[in-house]
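The structure appears below as structure tokens.
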Amino acid sequence: MKVLKVSDYASLSKKSATLIAAQIIRNPGSVLGLATGSTPEGVYAELIALNKQGLIDFAGVTTVNLDEYYGLPGEHPQSYDYFMRQKLFSHVNIAADCTHLPSGMATDAEKECRRYEQLIDRLGGIDLQLLGIGRNGHVGFNEPGKSFPPLTHLTDLTEDTLGANSRFFGPGEKVPTQAISMGIGTIMRARSVLLIASGPDKKWALDKTINGPVTPQVPASVLQYHPDVTVIYCD
Ligand code: GLP
């Protein structure tokens with residue numbers, strides 16, 4: 001695990017975007033695993049700038065997102081589908097049919113999870129997976145538990161995650177309680193991983209991830225077993 005502490009959020013965003021840009025330049029047909037949440041927003045802004053400057057080309061890139069709220073349609077402003085279009089896809093030259101998320105509206109969730117795993121396999125796997133981290137150590141929506149979920153699955157969100165994510169929803173708006181998420185196994189099969197974290201409320205999770213025992217109680221700690229992980233963080 002390479003761990004890089006940077007001075008502020010702007011450097012975190014710039015450095016992370018540089019690593020992703022390097023991946024796209026090395027392999028213009030890269031499959032990128034992407035994440036939502038507030039942390040990657042700066043990275044996406046930097047990638048948009050690099051694309052506009054003509055330094056990176058998304059024409060051959062395919063993306064697969066980590067997760068989606070179950071029960072939210074893609075048009076809902078809090079859906080991850082909507083987030084990705086707003087924050088990245090509609091600003092760069094990526095083809096809409098090369099951007100993938102689990103469908104939050106699938107009536108048969110199990111079937112949707114199988115479809116998503118097969119899609120990733122068919123794409124040849126993920127070259128670089130970008131990850132944020134929840135303050136309880138969750139990645140994607142793999143919440144603390146008894147084991148590491150191997151595959152994309154439907155999951156219940158913990159109280160802590162519901163609390164953290166409720167800030168994005170309006171007063172009286174119901175926060176979804178379930179999500180479809182890549183599994184820890186899906187994430188671990190990515191050829192490289194870039195984990196980013198910003199701010200004091202991620203300190204506990206980050207410390208456990210880097211220095212703690214590998215345990216499904218802190219899902220991100222499993223990354224200690226991955227051969228190519230970069231962590232970039234700021235206080
Ligand atoms: C959600 C997402 C995660 C993300 C986490 C932290 O739970 N499913 O992928 O890492 O939020 O988000 P933030 O970066 O806003 O703290």
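Computed over heavy atoms, backbone and side chain alike; hydrogens, waters and symmetry mates excluded. We count ligands from 1, going down the list as the structure has it; atoms in each ligand are counted the same way.
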| request: Please confirm whether the backbone N or O of Gln217 pairs with a side-chain atom of Thr215, one donor and one acceptor, at under 3.5 Å? | output: yes

| request: State the atoms of ligand 1, each with its element, that fall below the 4.0 Å cut-off from a heavy-atom position in Gly132. | output: 10 (O)

| Nearest to atom 12 (O) of ligand 1, what protein heavy atom do you find, and at what distance? |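 Protein heavy atom with the smallest distance to atom 12 (O) of ligand 1: Gly37 CA, 3.8 Å.
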
| Nearest non-hydrogen protein atom, atom 4 (C) of ligand 1 | Thr36 O, 3.9 Å

| query | Centres of the Phe141 and Tyr69 rings: under 6.0 Å? | reply | yes

| said: Under the rule for salt bridge (charged side-chain N to carboxylate O under 4.0 Å, His left out), what residues qualify as partners of Lys14, not counting sequence neighbours? | reply: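 Lys14: salt bridge (charged side-chain N to carboxylate O under 4.0 Å, His left out) contacts with Glu46.
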
For ligand 1, which part of [X] has a heavy atom less than 4.0 Å away: the side chain, the backbone, both, or neither?
X      : value
Tyr80  : side chain
Arg167 : side chain
His138 : side chain
Asn165 : side chain

| message | So for Glu143, does at least one of its heavy atoms come nearer than 4.0 angstrom to any atom of ligand 1? | response |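 Under 4.0 Å: no for Glu143.
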
| field | Backbone or side-chain N or O of Lys202 under 3.5 Å from ligand 1 N or O | value |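 Lys202 vs ligand 1: N/O contact under 3.5 Å present.
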
| task | Say whether Ile133, considering both its backbone and side-chain N or O atoms, lies within less than 3.5 Å of an N or O atom on ligand 1. | result |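 Yes - when backbone and side-chain N and O of Ile133 are compared with those of ligand 1, one distance drops under 3.5 Å.
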
| query | What are the two closest heavy atoms between Ser38 and Tyr9, and how far apart are they? | reply | O-OH, 3.3 Å

| said: Checking Gln129 against Ser192: is there a side-chain donor and acceptor pair closer than 3.5 Å? | reply: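 The criterion, which ignores hydrogens and geometry beyond distance, is not satisfied for Gln129 and Ser192.
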
| Per atom 9 (O) of ligand 1, closest listed option by heavy atom (Gly134, Gly140, Ala205, Ser38) | Gly140

| query | Is it the case that more than 12 heavy atoms not belonging to Phe169 sit under 6.0 Å from its CZ atom? | reply |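 Counting neighbours around CZ of Phe169, more than 12 heavy atoms of other residues, nucleotides or ligands fall under 6.0 Å, so yes.
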
| field | Nearest-0.5 Å distance, CD1 of residue Ile180 to OG1 of residue Thr155 | value |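 The CD1 atom of Ile180 sits 10.5 Å away from the OG1 atom of Thr155.
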
